[in-house]
Amino acid sequence: MLGFVARRLLLAVFVLWGAVTVVFVVVRLVPADPALLMAGETATPEQLAALRAEMGLDQPLIAQYLQYVGNTLTGDFGRSYTQFVPAMDLIAQVLPNTALLALLACLLAVGVSFPLGLLAALRVNRFSDRAVTTLSLTTQSLPGFWIGIVLMLVFSRQLGWLPSAGLDSPQSLILPTITLALPFIAILTRMVRSGLIEVMGEGYITTARSKGLSERTVIFPHAIRNALIPVVTLVGLEFGTLLGGAVITETVFSFPGIGRLLVFSIGVRDYATVQACVVVIAVAFVLVNLFVDLLYGFLDPRVRNSR
Amino acid sequence: MTEPATARVDSLEGDPPLLRVEGLEVEFSTSAGVLRALDGVSFEVRAGETLAILGESGSGKSVTAQAVMALLPQPAGSIVGGRIWYGGRDIAAEPVKQVRKLCATEIAMIFQDPLSSLNPVFRVGDQVAEPFRRRRGMDKRQALGKALELLKRVGIPNAETRIRDYPHQFSGGQRQRIMIAMAIALKPRLLIADEPTTALDVTVQAQIMDLLADLQAETGMGLILISHDLGVVADVAQRAAIMYAGRVVETGSIREIYDHPAHPYPKGLLESIPSEGARGQRLTPISGSPPNLLAVPSGCPFHPRCEFAIDVCRTDVPMLRRPEGWEAGHEAACHRSEEVL
Amino acid sequence: ACSGSSETDPPEGEAGAALPDDQQNLTFVPNYGWAGSDISKAPLEIGMNIALKQTLEPLVTLDNEAQPQPHLAESWEWTTPTTLEIKIREGVTFSDGTPLVSGDVKGTLERYLAQKQALHAVLSIITGIEAPDDSTVILTTSAPTGTLVGVLSLVLIGKGEFSHAEATAEDDEYWARPIGTGPFVITDYVPNDLFKFERNDSYWGEKAKLKTLTMKQITDANGKLTALSNNQAQAVQNVSYDQFETVEAIPDVTLEQFESLSYYFVWFMNDRAPLDNPDVRRAMWMALDLPTIVESLYGESREVMDSFCPAAAFGCVPAENMPTYDPEGAKKLLADAGYPDGFTVDIIFSLANATDNALAQALISGWKDIGVTVEPRGLDAASWLAAFTGMDWYMDFQPNQTPTGDADYTLNRLYSCAAARLGYCNPELDALMTQAQQESDPEVRLDLYQQVVNIMAEDTPAIPLFSTKVNVAYRDNVQGLTVPPTEFINFSTVYLTE
Amino acid sequence: MADSTPLLKVRNLRVAYPIRSSVLMRHIGDNVAVSDVSFDLHQGETVGLVGESGSGKSTIARTIIGLVKASDGSIEFEGKDIARASWRQLKSIRREMQMVFQDPYASLNPRLTVRDIIAEAWRVHPGVVPRGAWTSEAKALMDRVGLNPDYSDRYPHQFSGGQRQRIGIARALALRPKLIVCDEAVSALDVSVQAQVLNLLEDLQADLDLSYLFISHDLSVIEHLCDRVLVLNRGVVVEQGTVDQLFDNPQDDYTKRLLAAVPVVRPWLEPT
Amino acid sequence: MTAALPPMITTTPIATPTTATQTMQRARRARRGVKIRITVPIIIIGLYVIGAITVPVIYGFDPLRTELVDRLKPPGTTLSNGSIAFLGTDQIGQDLFAQMMMGARVSLAVGASTLIFAGLAGVTVGLLAGHFGGWMDTVLMRIADVQLAFPAILLAILLASVLGQGLTNIIIVLSIANWVVFARVTRSQVLALKNREFVEAGRALGAGHFHLIVRTLLPGCVAPILVVATVEFGHVILAEAALSFLGVGVPIGVPSLGSTIQAGTAYLTSAWWISTLPGIALAGLVLATGVLGDALRDFYDPTLRGA
Ligand SMILES: Nc1ncnc2c1ncn2[C@@H]1O[C@H](COP(=O)(O)OP(=O)(O)OP(=O)(O)O)[C@@H](O)[C@H]1O
Ligand SMILES: Nc1ncnc2c1ncn2[C@@H]1O[C@H](COP(=O)(O)OP(=O)(O)OP(=O)(O)O)[C@@H](O)[C@H]1O
Ligand SMILES: [Mg+2]
Ligand SMILES: [Mg+2]
Ligand code: NI
């Protein structure tokens with residue numbers, strides 16, 4: 001078990017290094033010069049040169065890279081070019097919001113999709129299955145921002161039940177959570193359904209039935225635990241996407257989150273903040289997947305010793 | 001075409017049979033059409049007796065077992081005719097839920113494939129203990145105690161520690177024993193063993209067959225042994241039913257069938273076995289290939305491969321019958337049993 | 001609910017009594033975001049000005065006639081044509097209690113100058129800054145200049161101790177979350193999201209009526225109006241014309257429009273063929289049916305211009321010979337210039353403003369009708385700036401402001417030979433503009449600017465499209481909210497009633 | 001037969017599956033599946049390999065055919081050491097050595113027609129049969145193994161178990177090998193089909209002078225088919241000899257146990 | 001335990017025809033359903049393709065043209081040029097139906113090209129990783145993880161600024177963001193196939209890596225890849241809409257369904273048709289591919305296919 005974790009950690013470091021390097025390279029491929037953005041359209045070449053020196057942009061790329069990796073290792077992501085505070089401070093302001101949002105969306109998705117998927121799987125090809133499948137397909141077929149805006153117009157504008165912008169109260173989380181969770185619910189429901197259908201055809205389910213167990217006991221825990229295994233992996237992968245992909249929801253609901261910070265920082269070419277955001281998102285992704293791997297090991301004893 | 005089996009008066013023993021299958025018909029719907037997997041299967045088993053079901057691959061042996069246990073794959077397969085008498089009830093007519101209550105306590109089953117039949121994510125101890133907990137309402141500790149006893153009984157070494165292991169940590173033979181432990185947990189009155197030793201080598205196979213025989217001697221349970229290994233069957237079973245293309249083509253005592261097969265299929269089967277002492281001799285297989293269940297030949301399904309076939313075989317479906325002068329209970333579904341003998 | 005009024009509402013309105021103090025909390029959704037919070041690095045960013053002017057104050061403010069009025073400066077005087085002596089108001093303290101002294105003004109000006117930002121062009125005439133005593137600042141300029149005091153309205157005074165020509169990290173940190181003399185104190189700032197203010201209870205002037213003020217950025221059009229309708233925001237700036245109906249349908253909300261100093265233009269790269277031919281540029285102008293475009297896209301919220309800077313600014317007099325919509329004439333001009341089949345050029349614009357897409361498309365459609373193919377190049381704000389300053393374009397289209405409220409600021413800064421912005425240089429025009437800058441008699445200046453815009457209309461270095469009005473939709477219980485032409489809203493007089 | 005050079009010469013074969021550390025995939029130990037196995041196989045001879053499950057039968061087969069690397073010892077095919085053969089030599093050795101797999105269905109690519117399955121070998125080894133002759137050759141082979149050549153465009157799932165096994169054999173024959181390794185080639189078949197396949201193997205041997213290495217756990221099949229037998233227990237050959245020696249007069253304990261466990265078809269005929 | 005058995009009662013009716021036939025009917029219906037679920041979506045997608053190709057031509061649609069006097073006209077309005085806009089007009093006065101079909105053209109093109117590029121890359125990576133295993137697998141799959149951990153939106157925005165707005169960018173970004181799905185699916189399928197004996201059989205024939213990968217493994221992966229492709233097609237089209245929402249989508253003059261929906265959201269309360277009608281069209285398209293994907297999955301699922 002310990003070796004398993006160690007191996008996972010090692011690979012995680014590799015993934016992080018990859019993300020860190022990619023963001024460094026990609027950010028520097030962009031033509032717009034952060035010094036120019038800071039200095040404005042009237043800046044003279046000397047001014048720009050001075051600014052670049054100050055920002056360390058005049059150094060050879062490889063030196064910048066080494067410096068950057070070194071700093072990142074010590075947890076120093078540099079100062080924001082535009083906000084003049086450590087980039088990490090900016091992230092610390094908004095990361096908890098997005099993390100909470102993603103977590104709530106995840107919980108909601110799991111909480112809703114399991115019963116739905118179960119219902120559909122146990123009544124394959126009957127009405128309830130068709131209804132659930134159609135509903136989830138439809139949900140998946142609408143753009144997320146459109147769903148968000150419509151939810152907002154209905155629940156905030158028309159009914160006036162829920163706040164539509166910012167994060168002032170717990171109620172402020174409801175609409176963004178639903179918006180973020182909906183497509184996820186759709187995927188997960190279908191995943192749970194197909195996973196369960198597959199499992200229900202396995203030999204051990206027949207064995208369980210042959211023991212005279214009630215259909216309920218056959219499903220809980222025999223079928224469900226096996227069906228969970230692929231679903232858990234998906235949740236892990238999607239959670240990473242939720243973190244990085246909350247931008248749309250955050251924009252619709254003017255939610256102070258890391259997605260908007262990232263987009264904004266890219267807009268103003270705030271390298272330090274962009275890099276820090278990406279590292280944070282990558283770390284979250286890696287941690288969640290590490291956790292998922294462990295959970296996987298817990299759920300499926302076959303992977304525990306063999307890997 | 002179908003033969004509603006006439007209730008035959010049993011002349012062998014006075015006891016009513018434990019299980020009696022009459023004219024069982026099972027169909028599967030597949031993308032290629034409806035497939036009749038069982039077409040009028042009839043047989044019976046008594047307490048303490050071992051009935052062997054033999055037959056080639058795909059002849060419907062496993063499906064018969066599944067039908068009895070109400071375990072046919074849903075929604076593809078269903079019973080479309082016939083009766084399954086157990087304890088005075090026709091369980092073919094009862095809802096699946098009702099039949100399941102008989103499972104494990106009355107009828108239990110050992111499956112063909114021991115790896116896929118054990119749940120990979122639960123400890124074997126828990127799986128073996130499950131019948132005690134769920135059906136007998138024992139608490140966990142008590143049930144595990146019972147499970148341990150059983151595992152020792154079926155010969156799992158170090159059962160005390162291994163009870164906490166998972167299925168994938170056991171060898172094929174051990175898994176098969178765990179399956180047996182689970183099946184016999186509640187001392188069923190009838191055990192159906194579907195090819196319990198196919199995947200195992202001869203030494204392990206012998207151990208398992210001994211185990212089953214011991215159990216039977218102890219509790220007097222009836223045993224249906226499904227196999228295609230004629231040798232294994234001969235060791236343990238008293239009677240046999242031989243299946244071909246979803247029908248029982250011959251039944252009777254093992255010895256009668258082996259020594260005087262009255263149907264060309266069992267006859268051909270027996271002749272195909274490489275016989276000891278005849279090293280290097282050419283084998284004599286049955287010519288032709290197995291029937292396609294989606295297009296079963298008319299009349300006697302075996303006729304295209306049968307050297308005895310005459311015109312009537314191509315048109316009329318033969319019924320199980322006991323020709324004059326045969327031992328009681330030995331019946332064959334062949335128009336020309338007399339010639340075959 | 002749309003009134004065109006731009007005069008200040010009476011502070012005590014007709015509506016009910018003011019809400020108790022702990023309910024005097026207002027959320028305002030501004031039209032502009034803020035890329036940062038250091039105003040000295042972007043002194044002309046409207047969004048940052050709106051936010052930071054609640055905390056930091058200038059020496060002078062402009063009145064509705066764009067004339068400077070005393071603020072932190074009690075008075076000023078040109079002691080020589082190139083020496084300006086400013087008296088600092090007595091008794092002003094920063095919100096942390098330290099008094100405002102001339103050193104703060106000196107430091108701030110030095111920082112602004114050192115940043116060499118957008119204001120540099122107009123501030124660089126200052127050659128010397130002295131603070132002989134705590135309440136006096138003396139500025140020396142390189143040449144007589146009538147507009148300097150007006151420009152000072154754009155300089156927000158921070159603490160001298162954190163303002164050096166050679167900026168330190170502490171300086172930058174201070175300016176990012178400044179402590180100022182204004183009516184509000186910054187309590188929270190989330191980049192790109194919100195500014196939170198609290199009343200400065202030790203403010204030197206009339207204390208703010210609001211207890212707290214939040215400026216929240218909401219970019220989505222539906223989000224803005226929804227926030228207004230469910231009272232998450234009490235005022236939102238700049239509702240698009242197409243949404244007017246929707247706003248009017250929201251109960252208890254008023255929509256009000258104000259004159260502003262903002263406008264839109266299309267720039268030509270005047271030295272790049274085929275746009276180096278004034279007739280071609282003129283044809284391009286004549287291809288645009290601006291009245292129809294403005295009328296249908298913006299209704300009365302924007303106005304076709306008759307000059308090269310917004311009419312609300314001083315000196316932006318109507319040009320006498322502005323081209324008008326005439327596609328046939330345009331085609332003829334093109335044919336005469338040697339382009340009977342038209343040509344292909346590009347137009348760059350920043351994607352920051354979503355509504356510009358429709359406008360860009362309308363312009364392109366117009367040009368297409370005279371046979372000119374214009375390829376749209378929408379760029380994100382940063383890339384646009386890079387492309388723009390790199391002069392890598394034929395045409396550019398963007399909004400602009402004249403925050404000093406004086407034609408000099410826009411015309412001289414953009415169209416002089418020295419500006420070298422759009423390949424345009426006309427020495428005759430330069431001479432007139434320099435003259436106008438140094439002149440202090442308004443009548444003479446107006447006359448000079450008349451000549452300037454007439455020449456420009458002839459040369460057509462750019463097409464002024466329309467000037468914009470600003471509008472604010474606010475809940476009926478918001479009192480005292482007015483938008484000056486600069487759009488720098490003063491929230492200290494705003495309050496809420498029941 | 002003993003004096004001719006053997007077709008296949010296995011000496012001191014040792015196969016170990018490496019156990020790798022979980023972190024760096026470093027090699028930290030060995031799981032020895034086969035140790036010190038030596039035997040010869042001559043042209044035209046059938047050698048049987050028996051032993052309990054997990055005793056290393058498949059491992060030996062796979063090593064000979066080159067799917068697994070030997071960790072020690074040598075395998076010489078027609079005097080050429082497989083371990084030291086270049087990639088090109090190995091390819092030509094593979095032409096001479098083929099394998100029939102245990103599971104007839106799993107070993108046939110479900111997406112190819114019978115013709116393509118057989119022609120696969122010619123695609124891999126260009127020059128054996130010209131492309132234009134593939135169809136006719138494949139049909140000839142099908143005919144040879146007793147499959148209706150008209151079925152050449154059918155897919156594996158359209159055949160019965162015995163027929164599938166024949167397809168496997170036809171594929172193995174496509175390159176006209178000298179040696180065919182049969183890993184439990186008949187274990188999954190029922191006795192009558194099994195008999196068909198065994199007859200076929202014998203016929204082919206007679207016609208083409210083939211050699212077989214025949215792996216099975218069914219001793220009656222071994223007894224029927226093989227000339228010599230090796231008994232394997234835990235990776236070690238515990239006994240080897242001709243069929244007669246072994247079945248009539250087993251020496252090793254394990255062999256005796258194995259033989260004793262074989263069920264008899266008609267136990268009532270056995271003297272007790 | 002062995003109590004005497006009660007006497008047999010022979011009055012029970014033979015078998016249970018009702019339930020039995022019902023089950024059979026359901027099974028047959030399900031299979032017939034699969035065929036319908038495959039053909040109907042294909043027809044619908046075909047209609048979209050035909051519409052996307054012909055309608056803009058019939059209407060002489062010029063995406064850069066504006067007809068400002070005809071702005072925001074509701075469905076069925078007669079326009080200034082006498083024609084009837086039966087789906088209304090948008091905010092620049094273009095006929096919404098022509099605009100939608102033009103948008104469908106772009107969306108379909110984006111979806112198809114992305115699938116081709118992402119599919120090619122992902123399948124290649126999946127084949128290599130699965131076939132060679134070992135460090136090759138580790139490295140390739142970690143690169144895939146890096147990709148997942150790296151926010152795609154960052155890439156989109158950065159590419160848009162490097163290359164300028166354009167379809168090419170969007171296709172590149174979406175391809176980069178989507179190859180991982182193909183890689184993962186292909187790899188897992190290869191891993192499943194690899195242990196099948198027919199692959200070993202190929203190896204025993206002396207087949208080289210190329211032969212094994214291309215002729216043996218690849219054909220075995222086609223079914224799951226096809227399924228993923230149909231699902232991803234929908235995802236890609238929606239992702240393009242999301243990019244439009246964030247301002248890095250298609251340029252003006254190249255309207256996609258997503259960008260039309262996005263631009264129309266501002267008018268949801270006043271001119272609902274601009275966003276809603278293309279929204280329905282988009283949902284229809286995505287739904288069709290989603291249903292097709294599900295049906296294909298069922299079609300290829302041996303447990304549902306029967307013997
Ligand atoms: N789920 C199913 N769907 C369709 N047909 C099935 C299904 N299960 C079994 N069959 C068919 O029913 C017939 C009988 O199968 P069964 O499993 O009973 O054979 P068997 O005698 O047990 O063979 P084996 O010796 O190979 O186990 C076969 O032709 C098979 O194809
Ligand atoms: N790929 C592998 N990696 C590690 N160990 C293996 C591998 N393949 C086989 N082994 C081990 O090598 C030993 C011999 O296996 P092999 O498959 O040769 O047995 P076998 O005699 O063919 O058994 P069976 O009759 O069950 O097929 C076993 O202990 C097995 O666990
Ligand atoms: Mg079976
Ligand atoms: Mg083996
Ligand atoms: Ni007959």
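The chains referred to below are lettered A, B, ... by the order of the sequence lines, with proteins before strands, and numbering in each begins at 1.
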Under 4.5 Å from any heavy atom of chain E - which part of Arg62(D): side chain
With a 4.5 angstrom heavy-atom cut-off, could you sort out which part of Leu90(D) is near chain E: side chain, backbone, both or neither? neither
Is it true that, when you exclude Tyr151(D) itself, more than 12 heavy atoms of the residues, nucleotides or ligands shown sit nearer than 6.0 Å to its OH? no
With a 4.5 Å heavy-atom cut-off, do Phe198(E) and Pro110(D) have their side chains touching? yes
Using side-chain heavy atoms (C-beta onward) and a distance below 4.5 Å, is Arg215(E) in contact with Asn109(D)? no
Separation between CZ (Arg94(D)) and CZ (Arg203(E)), nearest 0.5 Å, reads 9.0 Å
Taking all non-hydrogen atoms of both residues, which atom of Ala204(E) and which atom of Leu67(D) are closest, and how far apart? N-CD2, 4.0 Å
Minimum heavy-atom distance between Ser107(D) and Ala201(E), given as atom pair plus value: O-CB, 3.9 Å
What are the two closest heavy atoms between Gly220(E) and Arg111(D), and how far apart are they? CA-NE, 3.4 Å
Which bit of Glu120(D) is near chain E, if near means a heavy-atom gap under 4.5 Å: side chain, backbone, both or neither? both
If I take atom CG from residue Leu205(E) and atom CZ from residue Arg123(D), how far apart are they, to the nearest 0.5 angstrom? 12.0 Å
